[in-house]
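Worksheet for the structure shown next.
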Amino acid sequence: MEPAAGCPAVGGSYPQKNAEILSSQYGINLFLAGLLLTFAWAVHAVGISKSHLLSYLITLMLIQLLWMLWYLCRSCTQRRLIRDKDTHAGARWLKCGITLFAVITLILDSFKIGYYIDFSNCLSPTEGIFPVTHAVHTILQVYFLWCHAKDVIQSFKTLERFGVIHSVFTNLLLWTNGVLTESKHQLNEHKERLITLGFGNITIVLDDHAPQCNCTTTTLCSIFSQGIYYLYPFNIEYHILASTMLYVLWKNIGRKVEHHQQNKTPFKFHGITVGMIFGLIVLTSTIAIVVVYLIQIGGSKIKSELALTMFYLHAIFVLALMCTAGIVALLIYRLEDRSLDNSKNPARKLDAELLVGTAAGSWLLSWGSILAIICAQGHPKYTWYNLPYSVLVIIEKYIQNLFIIESIHREQEKVNEDIKTLRIVTISRGSTLSLTPLYKEIYNGRAARDSGDIPCLFKGSICGRENDGAGVAREEMSQDNSLVMHSASDFSFYGRNSVTNSKRRILKNIAAFLFLCNLSLWIPPAFGCRPEYDNGLEEIVFGFEPWIIVVNLAMPFSIFYRMHSAASLFEVNCKT
């Protein structure tokens with residue numbers, strides 16, 4: 001009995017679907033085991049030390065290194081084969097961003113190696129092996145992503161699924177480890193500052209993981225220990241970016257790619273001067289606010305309250321500007337009639353899901369602050385600024401998410417191929433046919449009317465011929481009518497184009513402004529300027545430990561949201 005026509009295709013998809021399910025479950029279990037080890041070390045569980053956690057992470061990195069080397073060797077032997085590529089994945093600007101973060105991560109690893117050398121008498125050997133392994137892992141992974149982030153794997157699919165998902169969750173665990181280490185450091189500083197704000201009823205117990213021996217060179221130890229925590233934000237962003245790029249690679253395994261030419265969208269500074277100027281003003285002022293905040297907070301109660309008030313007022317002003325810019329952009333979109341691109345695109349789908357998912361971290365903190373302000377019995381003056389700040393954080397993310405998601409789904413304007421190849425034939429009295437400038441010049445309103453030549457648009461055929469003396473009068477009348485018609489048409493076309501260009505210029509300036517604003521808002525929490533810790537009101541309402549747990553869980557997502565939004569807005573600016 002002969003099988004039905006559709007059965008082989010359906011049956012053939014089952015093994016690959018099973019491989020996808022099995023590999024995802026393998027990755028989740030890998031992550032959960034590492035997460036439990038990380039948690040056990042954080043709470044000083046009996047029998048669990050930092051060396052156990054680092055040994056697990058080193059093992060995962062070594063396995064990933066072996067898989068990447070195998071993949072690279074196999075790719076070199078098959079480099080002559082034509083491979084499918086996902087043109088939407090692994091954009092060049094994204095690769096440049098991850099390379100920058102990777103370079104700073106290598107500096108962090110060198111600091112850790114120096115720190116281990118200074119405290120080698122009382123540190124586990126794993127604390128010296130880990131940064132060396134991590135540095136090698138970083139270098140090879142960046143090279144791998146530069147060369148193969150766009151690959152659509154069609155061979156050894158089952159094995160590759162496990163290799164890629166292993167890499168995804170290895171990076172997520174390294175991200176978790178970085179977040180926890182940096183959060184513990186921030187928490188210790190926060191506990192010390194609470195006394196200056198007058199919250200003496202909160203028990204201050206420092207969670208200290210410092211080595212139990214003296215440093216061989218005190219100056220270097222101080223530089224290494226302090227420098228490590230300033231570099232952690234870049235390491236955290238590096239690993240989360242790497243995991244997202246690898247996840248897109250995993251989703252593309254076995255995918256049938258639609259072969260169509262992807263228009264390159266290079267970034268240009270031309271036309272975005274206004275947005276860049278305002279954005280740079282916000283960026284500069286934010287850096288100044290962060291510096292003053294870190295100097296003033298914890299100095300005294302008055303200085304701490306002034307620092308918090310200054311932060312809130314600056315943030316309220318910036319968020320209000322961002323809300324206004326987002327609303328203007330959405331109004332422009334409503335005035336345009338352009339269809340959305342709903343084709344299957346794993347990279348674009350992941351971008352949208354990450355925007356909404358990571359925004360939930362900020363929303364959780366904002367609603368916690370709003371509830372604390374409503375329920376608290378006593379309100380220091382500076383805490384009232386937290387109310388409009390929290391409300392604006394919620395609204396701004398609503399608007400910005402809608403703008404970015406709609407922007408990345410909008411189809412780019414396409415010019416008809418016939419128009420692209422259009423040429424203009426002029427008829428000069430007593431002369432032969434000649435070609436005038438290209439369509440681009442007409443498009444920009446630079447048609448050669450001054451010379452008295454008559455433009456004649458055509459589609460695939462010459463629209464003018466030399467005539468005999470008998471048809472000269474009729475030809476001249478036809479030329480006059482044609483001139484009037486085409487002049488009116490050109491003016492109408494130029495007017496529509498001018499309006500479109502104005503809208504496009506406004507959108508590009510808005511995208512550039514929001515890009516720099518998101519970078520600005522990434523800086524404060526990434527470098528220790530966290531009013532959610534220092535405000536103190538939430539800790540009185542919810543309790544110290546519960547609120548700190550909420551902040552430590554939500555803050556990494558809030559920080560990642562700003563960097564991911566900046567990356568998405570950069571893409572929007574290029575596409576607009």
Side-chain angles (χ1 to χ4, degrees), residues 24 27-28 31 35 86 88-98 100-102 141 145 149-150 164-165 167-176 178-179 233-253 255 322 326 340-366 393-410 511 514-515 517-519 521-522 525-526 553-575:
S24 62
I28 291 170
F31 180 71
L35 201 60
D86 182 359
H88 297 280
R92 185 174 294 273
W93 55 266
L94 188 58
K95 293 175 183 176
C96 291
I98 201 172
L100 174 63
F101 291 135
Q141 183 167 257
L145 290 172
K150 293 179 178 289
V164 178
I165 206 68
S167 304
V168 170
F169 283 101
T170 297
N171 278 278
L172 281 178
L173 275 175
L174 291 168
W175 170 75
T176 305
V179 166
F234 302 98
N235 173 65
I236 290 167
E237 294 301 329
Y238 161 71
H239 282 299
I240 199 68
L241 279 177
S243 63
T244 55
M245 292 177 73
L246 288 163
Y247 177 77
V248 172
L249 179 64
W250 181 73
K251 290 296 289 184
N252 278 330
I253 294 175
R255 178 185 163 209
M322 293 174 72
L340 298 179
D341 180 9
N342 295 315
S343 60
K344 187 177 179 181
N345 187 331
R348 187 173 59 202
K349 185 177 181 232
L350 180 63
D351 282 341
E353 289 172 350
L354 284 175
L355 281 171
V356 178
T358 55
S362 294
W363 290 336
L364 178 62
L365 293 175
S366 295
V393 165
I394 296 170
I395 296 172
E396 187 271 328
K397 282 184 170 62
Y398 263 99
I399 296 169
Q400 182 170 270
N401 286 348
L402 185 59
F403 169 58
I404 294 174
I405 292 172
E406 183 169 348
S407 297
I408 61 179
H409 279 84
R410 286 169 72 86
L514 292 177
F515 165 73
C517 284
N518 276 275
L519 282 182
L521 295 179
W522 173 79
L553 289 174
M555 187 60 71
F557 295 100
S558 178
I559 294 171
F560 174 70
Y561 172 84
R562 288 301 173 190
M563 185 57 69
H564 183 62
S565 296
S568 300
L569 286 161
F570 187 89
E571 182 181 357
V572 169
N573 187 280
C574 292
K575 288 177 66 176

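It should be emphasised that the depicted structure is a prediction, and the values quoted were computed from it without experimental measurement. Position 1 is the first residue of the sequence; numbering continues from there.
- Here F101 contributes atom CZ and N235 contributes atom CG; the two are 11.0 Å apart, rounded to the nearest 0.5 Å.
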Take Y247 and N171 through the test side chain to side chain donor-acceptor pair (under 3.5 Å) and record every step on the way to the result.
CA-CA 11 Å; Y247 177 77; N171 278 278; over 6 Å; no
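- Side chains of N252 and V248 form a contact here, defined as non-hydrogen atoms less than 4.5 Å apart.
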request  = Applying side chain to side chain contact (heavy atoms under 4.5 Å, CB included), run through I236 and I240 and close with a yes or a no.
outcome  = CA-CA 6 Å; I236 290 167; I240 199 68; 5.6 Å; no
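- Judged by distance alone, with hydrogens and angles left aside, the side-chain atoms of H564 form a donor-acceptor pair with the main-chain N or O of D351 at under 3.5 Å.
- No side-chain heavy atom of K397 sits under 4.5 Å from any side-chain heavy atom of M322.
- For L35 against L173, the heavy-atom pair with the smallest separation is N-CD2, 3.6 Å.
- The side-chain heavy atoms of Q400 and L514, taken from C-beta on, include a pair separated by under 4.5 Å.
- Considering only heavy atoms from C-beta on, Q141 comes within 4.5 Å of Y238 through its side chain.
- Between the OG atom in S243 and the CZ atom in F169 there is a gap of 9.5 Å [rounded to 0.5 Å].
- For the atom pair CD1 of I395 and OG of S366, the computed distance is 10.5 Å after rounding to the nearest 0.5 Å.
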TODO: Might you work through the side chain to side chain contact (heavy atoms under 4.5 Å, CB included) test for Y561 and N401, ending with a clear yes or no?
DONE: CA-CA 10 Å; Y561 172 84; N401 286 348; 2.7 Å; yes
| message | Checking E353 against K251 for the salt bridge (Lys or Arg N to Asp or Glu O under 4.0 Å) test, could you report, in this order, the C-alpha distance in whole Å, the side-chain angles of both residues, the deciding distance, and whether it holds? | response | CA-CA 14 Å; E353 289 172 350; K251 290 296 289 184; over 6 Å; no
Exercise. Please walk me through it: do W250 and L246 pass side chain to side chain contact (heavy atoms under 4.5 Å, CB included)?
Worked result: CA-CA 6 Å; W250 181 73; L246 288 163; over 6 Å; no
Stepwise, does the side chain to side chain contact (heavy atoms under 4.5 Å, CB included) test hold for K95 with L145?
-> CA-CA 7 Å; K95 293 175 183 176; L145 290 172; 5.8 Å; no
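- For the pair L519/R562, no side-chain contact is recorded, criterion being any heavy-atom separation below 4.5 Å from C-beta on.
- By the 4.5 Å heavy-atom criterion applied to side chains, F570 and L94 are not counted as neighbours.
- Checked by atom type and distance alone, the side chain of N573 never pairs as donor or acceptor with a backbone atom of L569 at under 3.5 Å.
- Between F557 and W363, the distance separating the two ring centers is not shorter than 6.0 angstrom.
- Distance check, rounded to the nearest 0.5 Å: OG of S24 to CD1 of I28 gives 5.5 Å.
- In this structure, F403 CZ and L355 CG are separated by 12.0 Å, a value rounded to the nearest 0.5 Å.
- A donor-acceptor contact closer than 3.5 angstrom is absent between the side chains of E237 and W175.
- To the nearest 0.5 Å, atoms CD1 (I394) and CD1 (I399) are separated by 12.0 Å.
- A distance-only check finds no donor-acceptor pair linking the side chain of S558 to the backbone of A554 [under 3.5 Å].
- Residues W522 and F234 place their aromatic rings such that the two centres sit under 6.0 Å apart.
- Of all non-hydrogen atoms in V179 and P556, the two that sit nearest each other are CG1-CG, 3.2 Å.
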